[in-house]
Amino acid sequence: MVSASGLPAPKSMDAIMSLCKRRGFVYQASEIYGGINGFWDYGPLGTLLKRNLREAWWQDVVMVPCWGRRGPDGETVSIVPVDTRIIQHPKVWEASGHVAGFNDPMVDCRETRGRYRYDHVQVFVPQNDQPGDKPVFAYVGDQPSEAKQRKRAEKTFGAVKPVALSSLAQPWARVIAPDAEQPGTLTEPRMFNLMFDTVPGAIRDEANKAYLRPETAQGIFVQAKNVWDTNRVRVPFGIAQAGTSFRNEVTPRNFTFRSREFEQMEIEFFVVPPEFLEGDEKTTADPLAWYKFFRDWRMEWWKSVGLGGENLILRDHATDELAHYSTATSDIEYRFPFTSPGFGELEGIAYRGNYDLTQHQKHSGTKLEYRDTGRGEVLPNGSRRGVSYLPHVIEPSAGLDRGVLALLCEAYTKDESRPSPEFMKFHPRVAPIKAAVFPLMDKDGLPEVATKLHAELAKRFARLGMIETDAKGSIGKRYARMDEAGCPFCFTVDAESLKGQSVTCRDRDTGVQTRMAIDSVVGFVGEKLGA
RNA sequence: GCGGGCGUAGCUCAGUGGUAGAGCAUCUGCCUUCCAAGCAGAAUGUCAGGGGUUCAAAUCCCCUCGCCCGCUCCA
């Protein structure tokens, strides 16, 4: 099936969710109590899938950064981990801008369904008159509504002047909202409570209010100075952290895509500010060179775990889309069934300048400059005087749960021509079940051979994922079960195995069987898993 | 937050006022020399939750919760 856009018809999200429940990938949180909006739990297979994806990130980012590649400056990439708390000092979130951004009162228009920041809404009132109970015309500056509303107001009152909506007492019945026809369609301002709060301390005291982190990144920035003061790291280097974050999404939606509790995998990679670069460094070690390096490598990485193909794109942000502190940002986006033909964000790679360190330096009153002893004036003894600066930062920030959801959507395959029409095409590296061993029949000495091979595989690979064995039922049914769980390889012991010490290896994606020596199975699986 | 749809077995769903159902999956046998096969049997439900109407509610009414879709939001 091909849709009007020329794309294959999106996979059925209902079918994917149904399989996720049926096979124990994802359950609704607190389901027996009716569920809780915006929270999802993982079952055994989902937990393993998620662990495998997190572990792949950890191995490729922290243990062997960027697969051992050299950065644009020609040096090995250095990244160290931290593990910081979900609850930080409340001022962390004032410095980061989250408190302000998360606490704006908003007004909604019932007629146009527009939503505006209360403090951004202006109204036109008569120039030399009290507005009394006359209608007032609301607009948001720099939008087309401003000119239009001015015209309407002048038609009604003659000369008008703008005042803040918030300066009027009880205006709600007579406000004509931007782009609205009727008065009285604006709601009273409401707070959008986007950060979860909590109160540390055994005695509840609102003055001690703290927040559950809305991102793991700030924990990294807050400890960055400690990391470079107490470890032998030198800029450029990165700090990585994976962990849980919380956001009060306005509308939890689209299965696990927009959850209120979710896990992030973030890198803050600190680089030399451009003004301190010398000679060739101006091209090879420029922040933008690092930005491109990470952007392109992160894209390759997502492909390597099984998201290749046309459903994955790298999208550079347009200038007007950039946050005010960023000069370059791109998103790695996946075409989810529920976003198709559009895309949903998996990871953002942003060049953030020194915005975050500047903010924390200011709010904490603690100097966060890095002392770079490899730069500055050359002293008589040949060493350098050293310079101090706030490093610039490249931030590749990925959503782990979104990654898992993308893996589930990408893996889900429907093929009515197969005996097992639904199957999960996981890359072996992330597959929760790595291999299965079956005796063709539950008799004639076959189970004994299968048990032995299963034990060998489990000894070698069970720390990476499940190794299954099952002797019951028809062989087709057992293959089909493994297909649904996404197990890439099934090894079957048959009568020939007893004579020739060989088994068949069935490939999940093609159903093709090849015969191989029992002795070679462990090596074969190891090679496929890259283990 | 607004509008629409939905909620019955593990899954997919039927059941519109009168005994809680089907298919598939699951489990136990038998059978079986490679793809959800066959035969026999078994287990499985707060009908999302609460309240109301009624002799009687899965069914009608109200409230709540959750999921899906469209707006909105996504710092």
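To find a chain, count down the sequence lines: A is the first, B the second, and so on, and within it residues start at 1.
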Taking a pair as Watson-Crick or G-U wobble with both distances under 3.5 Å, which nucleotide is matched to [N]?
{"N": "B:G17", "answer": "none"}
{"N": "B:G45", "answer": "none"}
{"N": "B:A58", "answer": "none"}
{"N": "B:G70", "answer": "B:C2"}
{"N": "B:A9", "answer": "none"}
{"N": "B:A25", "answer": "none"}

When you measure from the side chain of [X], which nucleotide among [options] comes out closest?
{"X": "A:A495", "options": "B:U26, B:C35, B:U33", "value": "B:U33"}
{"X": "A:S420", "options": "B:C34, B:G66, B:A36", "value": "B:A36"}
{"X": "A:N254", "options": "B:C69, B:A36, B:U32", "value": "B:C69"}
{"X": "A:K477", "options": "B:G29, B:C67, B:U26", "value": "B:U26"}
{"X": "A:M441", "options": "B:U33, B:C34, B:C67", "value": "B:U33"}

Would you please say whether a donor-acceptor pair under 3.5 Å links the side chains of [X] and [Y]?
{"X": "A:T216", "Y": "A:E266", "value": "yes"}
{"X": "A:N311", "Y": "A:E410", "value": "yes"}
{"X": "A:Q264", "Y": "A:S245", "value": "yes"}

Distance check, P atoms only: B:C11 and B:C68, in whole angstrom units.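 My reading of the P atoms in B:C11 and B:C68 gives 15 Å.
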Which class fits the ring pair [X] and [Y]: parallel under 30°, tilted 30 to 60°, perpendicular over 60°?
{"X": "A:F269", "Y": "A:W290", "value": "tilted"}
{"X": "A:F336", "Y": "A:Y334", "value": "perpendicular"}
{"X": "A:Y479", "Y": "A:F438", "value": "tilted"}

Any A:N37 side-chain nitrogen or oxygen under 4.0 Å from OP1 or OP2 of B:C67: yes
State whether A:R253 places a side-chain N or O below 4.0 Å from either non-bridging phosphate oxygen (OP1 or OP2) of B:C74.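 No, because none of the side-chain N or O atoms of A:R253 sits under 4.0 Å from OP1 or OP2 of B:C74.
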Salt bridge check, A:R22 against A:E422: does any charged N sit closer than 4.0 Å to a carboxylate O? yes
Please tabulate, one pair per line, each protein N/O and nucleotide N/O from nucleotides 11-14 of chain B that are separated by under 3.5 Å, including the distance.
from: B:C11; atom 1: OP1; to: A:K21; atom 2: NZ; distance (Å): 2.6
from: B:C11; atom 1: O3'; to: A:S18; atom 2: OG; distance (Å): 2.9
from: B:C11; atom 1: O2'; to: A:S18; atom 2: OG; distance (Å): 3.4

Whole angstrom value for the distance that separates P of B:C74 from CZ of A:F257: 14 Å
